[in-house]
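Quantities reported herein were computed from a predicted structural model and do not represent experimental measurements. Every chain is numbered from 1, with letters handed out A, B, ... down the list of sequences.
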Amino acid sequence: MFLAPALEVAPLLLGARLTVSGHLNRQHPGVPVTLRITEVEAYHGVGTPGPYDAGSHSRDRRTERNASMFGPPGHAYVYFSYGMHFAINMVCSPEGTASGVLIRAGEIVAGAEVARSRREAGRSSNPIPDHQLARGPGNVASALGITRPSHDGLDLFAAPFDLRAAPLGSKKIASGPRVGVSGEAGSARFPWRFWIEGDPTVSAYRPGRNVPK
DNA sequence: TTATCGATTCTCT
DNA sequence: GAGAATCGATAAA
């Protein structure tokens, strides 16, 4: 087991509340939406103590895409994925080094109507159940109205964000391999996914390709 | 219930 | 040009 910034921070984010005021989202502005975080993943990058993390965007060097992961801790790294989704990370390591925690899922505890209208925009099928409003990293960003051009690199502890720790109570934390990460980095040797056990908002596990036992 | 597949575009090789 | 830290619909079992 390895110890490094993102790995220390990831479990602490479970149960925390992330509020995003909607005004930066031009397509779907609205009242603030608050997420109770229930699932996260840690990623290591350049300059972070611990093993080489082949699943990390910042595994080798700084690029235009991952630049904010090398920025100050406590800020957002927002990336665009699979041609259609955004996902948000909290940067964890000192400026100049890279590590982050991907916010994978949560429960919408305020602003559910705005979140639902953003999620359902452009789709014509069944209404989305409450527990699926922010299930999966792409859905988290969608429900909160987060995009790369408007939110990448911003401080998570200042407007339009407001991140606050919250006690987890009697809930238990579970951990396991990360979702969709290929190769050894997606194996049980990297149990860097953390979630609140039994919570219905936690996303489904999907193994990456070529993951060894 | 589980498996497969298409959508869509950015990033790096 | 290939692959990607995904999602949701549809098909199969």
Side-chain angles (χ1 to χ4, degrees), chain A residues 4-7 9-10 13 27 35 37-46 48 50-70 76-93 98-106 108 115-116 118-153 175-195 200-211:
Chain A
L7 278 178
V9 173
L13 276 180
Q27 270 75 41
L35 182 79
I37 299 171
T38 61
E39 182 189 358
V40 297
E41 284 176 0
Y43 287 87
H44 282 186
V46 174
T48 306
Y52 177 76
D53 181 6
S56 172
H57 290 165
S58 56
R59 59 189 176 273
D60 293 325
R61 61 191 157 278
R62 179 177 182 141
T63 65
E64 192 167 340
R65 180 200 205 191
N66 65 27
S68 55
M69 223 170 161
F70 290 80
Y77 164 49
V78 181
Y79 68 89
F80 188 68
S81 163
Y82 291 93
M84 42 174 67
H85 304 290
F86 293 103
I88 180 168
N89 298 246
M90 173 172 150
V91 177
C92 291
S93 49
S99 83
V101 176
L102 170 66
I103 299 174
R104 284 196 55 87
I108 302 293
R116 176 171 283 104
R118 289 180 181 140
R119 287 291 319 284
E120 294 182 349
R123 49 203 298 284
S124 56
S125 51
N126 309 325
I128 300 171
D130 284 352
H131 72 280
Q132 289 182 15
L133 283 175
R135 196 171 190 251
N139 292 332
V140 167
S142 172
L144 297 180
I146 292 168
T147 68
R148 174 169 166 92
S150 58
H151 294 83
D152 184 46
S175 66
R178 295 172 295 183
V179 174
V181 174
S182 57
E184 188 187 10
S187 74
R189 206 171 102 78
F190 291 75
W192 292 1
R193 174 178 178 236
F194 302 88
W195 65 94
T201 65
V202 173
S203 67
Y205 176 69
R206 178 176 53 75
R209 300 176 327 188
N210 309 317
V211 174

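- The distance between atom NE2 of A:His57 and atom P of B:dC10, rounded to the nearest whole Å, is 15 Å.
- Whole-Å rounding puts the A:Glu41 CD to C:dT6 C1' distance at 12 Å.
- In this structure, the aromatic ring of A:Tyr43 is positioned over the six-membered ring of the base of C:dA5, centres within 5.5 Å and planes within 30°.
- Protein atom CG of A:Asn210 is 16 Å distant from nucleotide atom C1' of C:dA5, rounded to whole Å.
- For the pair A:Tyr82 and A:Arg148, both in contact range of DNA chain B, the more 5′-proximal nearest nucleotide belongs to A:Tyr82.
- Counting only heavy atoms from C-beta on, A:Arg206 has its side chain closest to C:dT6 among C:dG8, B:dC12, C:dT6.
- Nucleic acid contact for A:Arg209: sugar-phosphate only, since backbone atoms but no base atoms lie under 4.0 Å from a heavy atom of the residue.
- In the set C:dT6, B:dC12, C:dA4, B:dC12 carries the atom at the smallest distance from any side-chain atom of A:Arg65.
- Here C:dG8 is the nucleotide among C:dG8, C:dA5, C:dT6 with the atom lying nearest to any side-chain atom of A:Asn139.
- Summarising the geometry, the separation between CZ on A:Phe86 and P on C:dA5 is reported as 16 Å, rounded to the nearest angstrom.
- With hydrogens and angles left out, the side-chain atoms of A:Arg104 and A:Ser203 include a donor and acceptor closer than 3.5 Å.
- Using a 5.5 Å limit on the distance between ring centres and a 30° limit on the angle between planes, the aromatic ring of A:Phe80 does not count as stacked on the six-membered base ring of B:dC10.
- In this structure, NE2 of A:His131 is placed 14 Å from P of C:dC7, rounded to the nearest angstrom.
- Evaluated for a side chain to side chain donor-acceptor pair (under 3.5 Å) with A:Tyr77, the options A:His57, A:His151, A:Arg148 yield exactly one hit, A:His57.
- In this structure, A:Arg178 reaches neither bases nor backbone, as no heavy-atom distance under 4.0 Å exists between it and the strands shown.
- If you measure from atom NE2 of A:His85 to atom C1' of C:dA5, you get 12 Å, rounded to the nearest angstrom.
- You'll find the side chain of A:Leu7 reaches within 4.5 Å of the side chain of A:His44, heavy atoms only.
- Atom-to-atom, CG of A:Asn66 to P of C:dA4 comes out at 17 Å; the value is rounded to the nearest Å.
- If you measure from atom CG of A:Asp60 to atom C1' of B:dT13, you get 12 Å, rounded to the nearest angstrom.
- Both distances falling under 3.5 Å, in either a Watson-Crick or a G-U wobble arrangement, occur for no nucleotide opposite C:dA5.
- Side chain of A:Asn66 to backbone of A:Ser56: no donor-acceptor contact under 3.5 angstrom is found.
- With A:Arg59 contributing its side chain and A:Val46 its backbone, the two residues share no donor-acceptor pair below 3.5 Å.
- Note on A:Gly55: a base of the nucleic acid sits closer than 4.0 angstrom, heavy atoms only.
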